Amino acid sequence: MFRTTNLLQRVATTTTTRGFHSSTTQFIKKGDYLPSVVVQRKSPADTVDVQELFGSVNKAILFGVPGAFTPGCSKTHLPGYIQRAEELKTEKGVDLIACVSVNDAFVMSAWADATHADSKVELLADSKGELAKAMDLDFDATGALGGHRFKRFAAILEHGVVKELFVEQDKTGLNVSLVENVEKHFFNVRFDMFLFETVPNWLYKDYPQGVPIDGYNTQYV
């Protein structure tokens, strides 16, 4: 009886103290805040906490890539967001678009220059892979890239909270995390302004998170 009680106590203790990031198979999910991890911008001395960065803006997109200057990232993933940046910001109401990779700040800065990311997409360097691990989105790419890297993903954020998350099932593919898919999950700001001007106030009281219109809502406007 004594041994059984002790076992149950140990199980209960383990269950109640287990944190969100205790398992490598439990990815960050919708409704979670971004973890508080410091990343680099243009230099190792130019740092920012991602939780504070994304928590300070209304709507944002954060997408992660396996590596700067790699073919899929340089030819498709990053250029797609650069090309659509103005539309996402003016028509979809996105305040910040950022790309993160497990590379040092100098490499990310050079990649930004090479791709003309400029002010369209901010490049963030997770030099030690701490953010990738904290989000449970890292994988062992030692064979191709020399160490652990980000799985390819994209996330829609509101004040630092994950509203939608798109992770490539094969870790490096170019499908759900591309801008063409992510932008489908935003409502058009201009049309939403029309809704706010025409839909009766009583309807918004019943739907504080957005008015459903033909399967859509204004949650991401």
Side-chain angles (χ1 to χ4, degrees), residues 20 26-35 50-51 53-66 72-73 75-101 115 117 119-124 126 131-132 134-137 139 150-199 203-204 206-221:
F20 168 68
Q26 187 176 12
F27 302 144
I28 192 170
K29 61 185 182 301
K30 290 171 63 174
D32 288 339
Y33 279 92
L34 285 180
V50 293
Q51 190 175 85
L53 175 63
F54 290 94
S56 66
V57 297
N58 185 19
K59 279 178 281 295
I61 296 174
L62 173 64
F63 65 101
V65 299
C73 306
K75 295 180 179 179
T76 305
H77 206 184
L78 176 58
Y81 282 95
I82 292 174
Q83 293 168 7
R84 302 289 184 91
E86 183 176 354
E87 177 186 344
L88 287 167
K89 292 178 180 180
T90 59
E91 297 187 9
K92 308 299 182 182
V94 178
D95 302 301
L96 173 65
I97 305 172
C99 173
V100 64
S101 179
T115 55
S119 60
K120 298 176 181 178
V121 176
E122 179 167 5
L123 270 57
L124 304 173
D126 183 23
L131 180 61
M135 295 176 71
D136 290 329
L137 288 176
F139 76 104
F150 259 111
K151 295 179 181 180
R152 197 182 302 279
F153 79 95
I156 295 174
L157 307 165
E158 286 187 8
H159 300 290
V161 178
V162 177
K163 293 299 182 179
E164 294 288 348
L165 181 63
F166 314 93
V167 182
E168 300 292 350
Q169 291 187 355
D170 62 356
K171 303 180 180 66
T172 61
L174 293 161
N175 186 14
V176 297
S177 63
L178 295 182
V179 67
E180 291 83 358
N181 176 62
V182 174
E183 67 181 356
K184 295 176 184 178
H185 296 265
F186 285 93
F187 213 56
N188 193 298
V189 170
R190 294 174 183 173
F191 183 56
D192 184 67
M193 291 302 294
F194 168 77
L195 289 178
F196 272 93
E197 292 174 358
T198 58
V199 177
L203 186 55
Y204 283 97
D206 294 332
Y207 299 97
Q209 300 302 319
V211 181
I213 304 292
D214 295 332
Y216 297 94
N217 64 56
T218 60
Q219 185 175 2
Y220 303 124
V221 178

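Everything numeric in this text was worked out from a predicted model, so none of it was measured.
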Problem - Residue pair Pro35 / Gln51, side-chain heavy-atom distance below 4.5 Å - result: no
Fill in the blank from the handout: Sorted by chain and residue number, the salt bridge (charged side-chain N to carboxylate O under 4.0 Å, His left out) partners of Glu183 (sequence neighbours excluded) come out as Arg84
Practice task
Locate the shortest heavy-atom distance separating Val65 from Cys73; write the atom from each residue and the value.
Solution key: CB-SG, 3.5 Å
Exercise for the section: Applying side chain to side chain contact (heavy atoms under 4.5 Å, CB included), run through Phe150 and Met135 and close with a yes or a no. Expected result: CA-CA 9 Å; Phe150 259 111; Met135 295 176 71; 4.3 Å; yes
Handout entry: Check: Asp95 side chain, Lys59 main-chain N or O, donor-acceptor pair, under 3.5 Å
Key = yes
Practice task
Would you check if Val162 and Leu157 make a side-chain contact, meaning some heavy-atom pair closer than 4.5 Å?
Solution key: yes
Handout entry: Glu168 vs Lys151, side chain to side chain contact (heavy atoms under 4.5 Å, CB included): CA-CA, chis, key distance, verdict
Key = CA-CA 7 Å; Glu168 300 292 350; Lys151 295 179 181 180; over 6 Å; no
Problem - Point-to-point distance, once rounded to the nearest 0.5 Å, from NZ of Lys120 to CG of Leu88 - result: 12.0 Å
Exercise for the section: Flag the pair Tyr33 / His159 as yes when their ring centroid distance falls below 6.0 Å, and as no otherwise. Expected result: no
Handout entry: Close side-chain approach of Ile61 and Val182, heavy atoms under 4.5 Å
Key = yes
Completion exercise
Correct closest heavy-atom pair for Val94 and Ala60 would be CG1-CA, 4.0 Å
Completion exercise
Note: Lys89 and Ser119 closest approach over all heavy atoms is NZ-O, 3.2 Å
Problem - Closest approach of Ala132 to Asp126 (non-hydrogen atoms, all atoms of both residues) - result: N-OD2, 2.9 Å
Practice task
Please check if the side chain of Asn181 supplies one atom and the backbone of Leu178 the other of a donor-acceptor pair under 3.5 Å.
Solution key: no
Handout entry: Approximate separation, where rounding is to 0.5 Å, of Leu53 CG and Leu34 CG
Key = 9.0 Å
Problem - Interatomic distance, His77 atom NE2 to Thr115 atom OG1 [nearest 0.5 angstrom] - result: 13.0 Å
Handout entry: Neighbour count above 12 (heavy atom, 6.0 Å) for Gln169 CD
Key = no
Completion exercise
Rounded to the nearest 0.5 angstrom, the NZ-CD distance for Lys92 and Glu86 is 13.5 Å
Problem - Validation row: Val100, Leu131 side chains within 4.5 angstrom (heavy atoms) - result: yes
Practice task
Can you measure from OG (Ser101) to CZ (Arg152) and round to the nearest 0.5 angstrom?
Solution key: 9.5 Å
Handout entry: Min side-chain heavy-atom separation Val167-Val176 under 4.5 Å
Key = no
Problem - Any side-chain heavy-atom pair of Phe139 and Thr172 under 4.5 Å - result: yes
Practice task
Please lay out, stage by stage, how Leu78 and Val121 fare under the test side chain to side chain contact (heavy atoms under 4.5 Å, CB included).
Solution key: CA-CA 8 Å; Leu78 176 58; Val121 176; 4.0 Å; yes
Problem - Contact check, side chains of Lys163 and Lys30, non-hydrogen atoms, under 4.5 Å - result: no
Exercise for the section: Could you check Leu96 against Glu122 for side chain to side chain contact (heavy atoms under 4.5 Å, CB included), going step by step and ending with a plain yes or no? Expected result: CA-CA 8 Å; Leu96 173 65; Glu122 179 167 5; 3.8 Å; yes
Exercise for the section: Specify the closest pair of heavy atoms between Ala98 and Leu124, including all atoms of both residues, with the distance to one decimal. Expected result: CB-CD1, 4.0 Å
Problem - Heavy-atom check, side chain of Val179 versus side chain of Phe63, under 4.5 Å - result: no
Exercise for the section: Assert yes or no for the condition that the ring centre distance of Phe153 to Phe166 is strictly below 6.0 Å. Expected result: no
Exercise for the section: Starting at NZ of Lys75, measure out to CG of Leu174 and round the result to the nearest 0.5 Å. Expected result: 11.5 Å
